[in-house]
Q: 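Here it is, the structure in full.
The structure displayed is predicted, hence computed values, not measured ones.
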Amino acid sequence: MNLLFNLINGISLGSVYAIIALGYTMVYGIAKMLNFAHGDVIMVGAYICFFTMSRLSSLFEPGSLAAMAVPSLAGVVLAMIVCTVLGVVIERLAYKPLRQAPSLAVLITAIGVSYFLQNSALLLWGSEPRIFTSVVGSGSIQLFDGQLTITYTSIVTMLTCVVIMVVLTLFTSGTKMGKAMRACSEDKGAAMLMGIDVNRTISMTFAIGSALAAIAGALLCSTYPTLMPTTGSLPGIRAFTAAVFGGIGSIPGAMLGGILLGLIETFTKSYITTNLYDAVVFGVLIVVLLVKPTGLLGKQIREKV
């Protein structure tokens, strides 16, 4: 039962990493930029969701169905809207002028945007930790005569990851905008000659990735209910690791990498030590990249010279 419990927890945690990693992998796959401010967009979404739920919960009778469902739904939706706008603004102001700049300039800019968001959160909301109320509720399911407990948060997190994965796959393969994203990923110049608005496509990519960051922030803080201005930093780095692990630029790779990362972290904490799980995670990443530099599902890209 302990093994099954850790397996479920690992998949649940990995699902959060996978949702975050999808934002990284979409932006890199299409814009060829590493948006290291993505983790802080998660934090902003979590704060928006937290304050929305806090304000709306007082309007309903405590314990009623409306008091549980309406604030959570409104908080997640508003967080998605705010983060979508924030992602587009970041792309237009910080990244669009650097389309032709060296990758080092983009990297430094991304780090600067990350610190800007963290310090803005400190000024707006303070540094004290806040206790985040789960958007799903605190209930759980008991299996095997109570020997195995699965929280509603874990179930919803895993289902959300699967739904997002399926919707994104259908979106990129079956819609006009999705095909435009794939064309930009292959060759921006050729896509522009074919009449595709590259700037609009990249902005849409940032918008989708930031909306996913809001969902990930709500689910992450529902699992680990402490919210601070630095909440998104470490999960953002781990999710980037998951994206590289699975093959950055690959949507299925982001999901696979996130789930594997969650499993490695959970089993390391349970069976080895809680002090070395980051070392184990990055050690596995190094081994994978030595064997397959493009990641598990990444494709080798040949460049003409």
Q: Tell me whether Leu148 shares a hydrophobic cluster with Ile11, the cluster being built from Ile, Leu, Val, Met, Phe, Trp, Tyr side chains joined at under 4.5 Å.
A: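 Cluster IDs for Leu148 and Ile11 match.
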
Q: Look at the side-chain heavy atoms of Ile, Leu, Val, Met, Phe, Trp and Tyr, link any pair under 4.5 Å apart, and say whether Leu234 and Ile111 land in one connected group.
A: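 As far as the 4.5 Å side-chain criterion goes, Ile111 and Leu234 are not connected within one cluster.
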
Q: Give me the atom names and distance for the closest heavy-atom approach of Met165 to Pro252.
A: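 Taking every non-hydrogen atom into account, CE-CA, 3.2 Å.
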
Q: Output, in order, the C-alpha distance, side-chain angles, deciding distance and verdict of side chain to side chain contact (heavy atoms under 4.5 Å, CB included) for Met228 and Thr230.
A: CA-CA 5 Å; Met228 297 182 295; Thr230 56; 4.0 Å; yes

Q: I'd like to check Val27 versus Glu91 (side-chain heavy atoms, cut-off strictly below 4.5 Å). Are they in contact?
A: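 Answer no - side chains too far apart.
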
Q: Whether the Asp40 and Ser114 side chains hold a donor-acceptor pair (N or O, under 3.5 Å, no angle test) is what I'd like checked.
A: yes

Q: Is the closest side-chain heavy-atom distance between Met181 and Ile208 below 4.5 Å?
A: yes

Q: How about Val41 and Leu117: do any of their side-chain heavy atoms sit closer than 4.5 Å?
A: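 Val41 reaches Leu117 side chain to side chain.
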
Q: Would you find more than 12 non-hydrogen atoms of other residues, nucleotides or ligands less than 6.0 Å from Tyr28 atom OH?
A: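 At most 12 heavy atoms, drawn from other residues, nucleotides or ligands, come within 6.0 Å of this atom.
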
Q: Without hydrogens or angle criteria, can the side chains of Thr153 and Ser222 be said to hold a donor-acceptor pair below 3.5 Å?
A: no

Q: Is there a side-chain contact between Val281 and Thr268, using heavy atoms and a 4.5 Å cut-off?
A: no

Q: Within the structure provided, determine whether Leu13 and Thr223 are in side-chain contact (heavy-atom separation under 4.5 Å).
A: no

Q: Met255 versus Val162: any side-chain heavy-atom pair under 4.5 Å?
A: yes

Q: Are Ile81 and Val77 close enough that some pair of their side-chain heavy atoms sits under 4.5 Å apart?
A: yes

Q: Under 6.0 Å from the CZ atom of Arg200, do we count more than 12 heavy atoms belonging to anything else shown?
A: no

Q: Taking it one step at a time, do Glu186 and Arg182 satisfy salt bridge (Lys or Arg N to Asp or Glu O under 4.0 Å)?
A: CA-CA 6 Å; Glu186 292 291 333; Arg182 291 166 58 196; over 6 Å; no

Q: Please find the pair of heavy atoms, one from Ala79 and one from Gly45, that lie closest to each other, and give the distance.
A: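 Heavy atoms of Ala79 and Gly45 come nearest at CB-O, 3.3 Å.
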
Q: If the condition is ring pair (Phe, Tyr, Trp, His ring centres under 6.0 Å), which residues does Phe267 pass it with, not counting sequence neighbours?
A: Tyr271

Q: Between Ala218 and Cys49, what is the shortest heavy-atom contact and its length?
A: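 Looks like CB-SG, 4.2 Å.
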
Q: How about Thr266 and Asn9: does a side-chain donor come under 3.5 Å of a side-chain acceptor?
A: no

Q: If every non-hydrogen atom of Pro97 is compared with every non-hydrogen atom of Arg92, which pair is closest and at what distance?
A: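 Shortest heavy-atom contact: CD-O, 3.6 Å.
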
Q: Let me see the working for Glu265 and Arg238 under side chain to side chain contact (heavy atoms under 4.5 Å, CB included), right down to the final yes or no.
A: CA-CA 10 Å; Glu265 180 176 331; Arg238 290 172 183 161; 3.7 Å; yes

Q: Show your working on side chain to side chain contact (heavy atoms under 4.5 Å, CB included) between Ile202 and Met33 and close with a plain yes or no.
A: CA-CA 10 Å; Ile202 293 176; Met33 293 180 178; over 6 Å; no

Q: Ignoring hydrogens, what is the shortest heavy-atom contact between Thr201 and Ile196? Give both atom names and the distance.
A: OG1-CG2, 3.7 Å

Q: What's the shortest heavy-atom distance between His38 and Ile20, and which atoms?
A: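 Scanning both residues completely, I find the closest heavy atoms to be NE2-O, 3.3 Å.
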
Q: Is a donor on one side and an acceptor on the other found under 3.5 Å between the side chain of Arg130 and the backbone of Trp125?
A: yes

Q: Can you check whether Ser72 reaches Val136 side chain to side chain, under 4.5 Å on heavy atoms?
A: no

Q: Which is it for Ile237 and Phe36 under the side chain to side chain contact (heavy atoms under 4.5 Å, CB included) test, yes or no, and what are the steps along the way?
A: CA-CA 8 Å; Ile237 293 174; Phe36 280 112; 5.8 Å; no

Q: Within a radius of less than 6.0 Å around CZ of Phe282, do more than 12 heavy atoms belonging to other residues, nucleotides or ligands occur?
A: yes

Q: State which residues pass ring pair (Phe, Tyr, Trp, His ring centres under 6.0 Å) with Phe206; sequence neighbours excluded, sorted by chain then number.
A: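 Phe206 satisfies ring pair (Phe, Tyr, Trp, His ring centres under 6.0 Å) with Tyr95 once adjacent residues are dropped.
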
